[in-house]
Amino acid sequence: MYSGKLGIAGIIAGVIISLVHLSCNNENRLPSTVTFTEHVAPILYNNCTICHRAEGSAHFPLVTYESAKKYASANAFVTRERIMPPWPADPHYTEFTGQRILSERDIQMLEKWVKDGTLMGPADKLPAIPRYPTGSEIGTPDMRIPVQPYLLPANSTDRFLLVKVPFELPADTFASVIEFMPGRNNVVHHVNGDMVKYAAGMKTDVYAGEQIVDMAADTATLLQAYQRLGLPNDDGSYPVLQKSVVNYLPGVFGQLYPEGLGGYKLPKKGAFLLNDLHYGFTNKENVLDSSYINIFFAKTPPGRPVQEFQLGTHGVVPVEPDLIIEPNTVKQVYSRFTVPTDISILTINPHMHLLGKSFKGYALKPNGDTIRLISIPRWDFNWQYFYTFKRMIKIPKGSVIIAEGVYDNTRKNMNNPFSPPRRVSDNNGSMKATDEMFQFIITYLPYQDGDETISLERK
Ligand code: HEC
């Protein structure tokens, strides 16, 4: 299924990248013979094995000589096409923390390894096999809250679940990081979750209600689903939601902010609400996933609280024109928001579903200058990162943030869920994968002097 996605666009993009590099590529001569131990293993260990290992998110490892050899041609191809490592944002437009992008030289090395006969090389040159922590990517958590285990039957296709993960604490508590850890990370595709904060005396039993609603199988509306999960307060009103507290994508872990910034206050009674726990397909076996959430307590109260708003579906400004995509058409939509005060942007998350083709986000300052935010020339439904800027981006008051999306509802779109294509819309914000969405989620702080100099890179 995946190789189908390579498509013409990918090949053209690949050709353009190769042409650009032909002209500027003499400085890095390749070795006369490329070997696994000397040249290929370092590339794989630095860029691939975080996912391509026994417990990783990809379905095959690339750790040993034998495994690398088996996939040598495929590796050369997917790296040349910039499909792997997965990083849909165009690094020439804007850069983010933790971006995984191979250099042209690395790509040529993988290609030359195939041409040179996939040789092993001297054993003593093999770098240490990278070790990855188990249980947490950050350290030893202070508290671990299990997500209700979920059984994926053999040969099942994608599932999108709404999941409640309730907790009760002896007292209000501060936390620095909240980390989602997949039980079986080759089936957990991504998670985007909020925190439900019950005010004192408003909720008797956080454990009452169901813990999982399958949004595609059940025809529940979001509000009905919230009720089934028992989210409302005892009096029927709704508690406070803190957005995007726990997000996960393979290879991306809990968001760590610098001192004095971010962090969380956990209420005595609360829950994590995973808006979208996406399970990928399974093969011939049943898979029981037992994921969990790690919490790292903090001694000090949260720093400046990170806030969030979004453009588009369910957002502060609508999608224009309406998100209705007729069959056999390519449609462009946008959403614009005028920023009422100076803000500092930390992370952004473009969101579309299967018909997405490209996405661009930028801001126009009152003086007409453009502030680049993100460009995704080839939308990939599977890799929807929360992109974190290396340093905060200041957006001055009165600027207009603009998100532009293009949808491809033709047969050429390999991900089109319908054949022949059908009319697709946002279906009143249903959030199902086969309906569409257009969102640009932005986390920010009210601007303070010097924000642009604070590094958000993870140490
Ligand atoms: C962030 C996780 C991640 C990283 C990093 C990563 N991969 Fe992958 N890779 C995947 C997943 C998951 C798949 C399965 C397809 C999918 O879901 O996109 C995959 C699929 C592949 C495939 C098979 C494509 C097909 O046609 O099925 C190849 C080959 C591959 N990766 C090579 C690499 C190489 C080489 C690197 C490093 C240069 C790399 N990957 C880095 C997660 C990753």
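Side chains included, hydrogens not; waters and symmetry mates left out as well; all remaining heavy atoms used. We count ligands from 1, going down the list as the structure has it; atoms in each ligand are counted the same way. Please read all numbers here as calculations on a predicted model, not as lab measurements.
Using bins of under 30°, 30° to 60° and over 60° for the plane-to-plane angle, the ring pair H278/F381 lands in the tilted bin. Ring planes of F167 and F272: tilted class, angle from 30 to 60°. Taking the six-membered ring where the residue is Trp, W87 and F96 present tilted rings, their angle falling between 30° and 60°.
Atom numbering of ligand 1 starts at 1 in the shown order; those under 4.0 Å from a heavy atom of N75 are 29 (C), 32 (C), 35 (C). Listed by atom number, the atoms of ligand 1 under 4.0 Å from T79 heavy atoms are 35 (C), 38 (C). Which parts of ligand 1 touch H59 is read off a 4.0 Å heavy-atom cut-off, strictly below it: atoms 14 (C). Shown in contact with V78 at under 4.0 Å from a heavy atom are these atoms of ligand 1, numbered in order with element: 28 (C), 29 (C), 30 (C), 32 (C).
Considering A72, A58, S73, G280 only, the shortest heavy-atom separation from atom 11 (C) of ligand 1 involves A58. Heavy-atom proximity to atom 13 (C) of ligand 1, evaluated over H189, K70, M84, R100, is greatest for M84. Here the shortest heavy-atom distance to atom 1 (C) of ligand 1, taken over C51, A76, A74, belongs to C51.
Ligand 1 has a nitrogen or oxygen under 3.5 angstrom from a nitrogen or oxygen of H52.
E95 pairs by the salt bridge (Lys or Arg N to Asp or Glu O under 4.0 Å) definition with K390, not counting sequence neighbours. Partners of D142 under the salt bridge (Lys or Arg N to Asp or Glu O under 4.0 Å) rule, at least two apart in sequence or in another chain, do not exist in this structure.
F60 counts as a contact of ligand 1, since one of its heavy atoms falls under 4.0 Å from the ligand.
Under a 3.5 Å cut-off, the side chain of D194 and the backbone N or O of S244 do form a donor-acceptor pair.
At least one cation-pi condition fails for R159 and Y279: the charged atom is not both under 6.0 angstrom from the six-membered ring centre and inside a 45 degree cone around its axis.
Neither the backbone nor the side chain of Y71 comes within 4.0 Å of ligand 1, counting heavy atoms alone.
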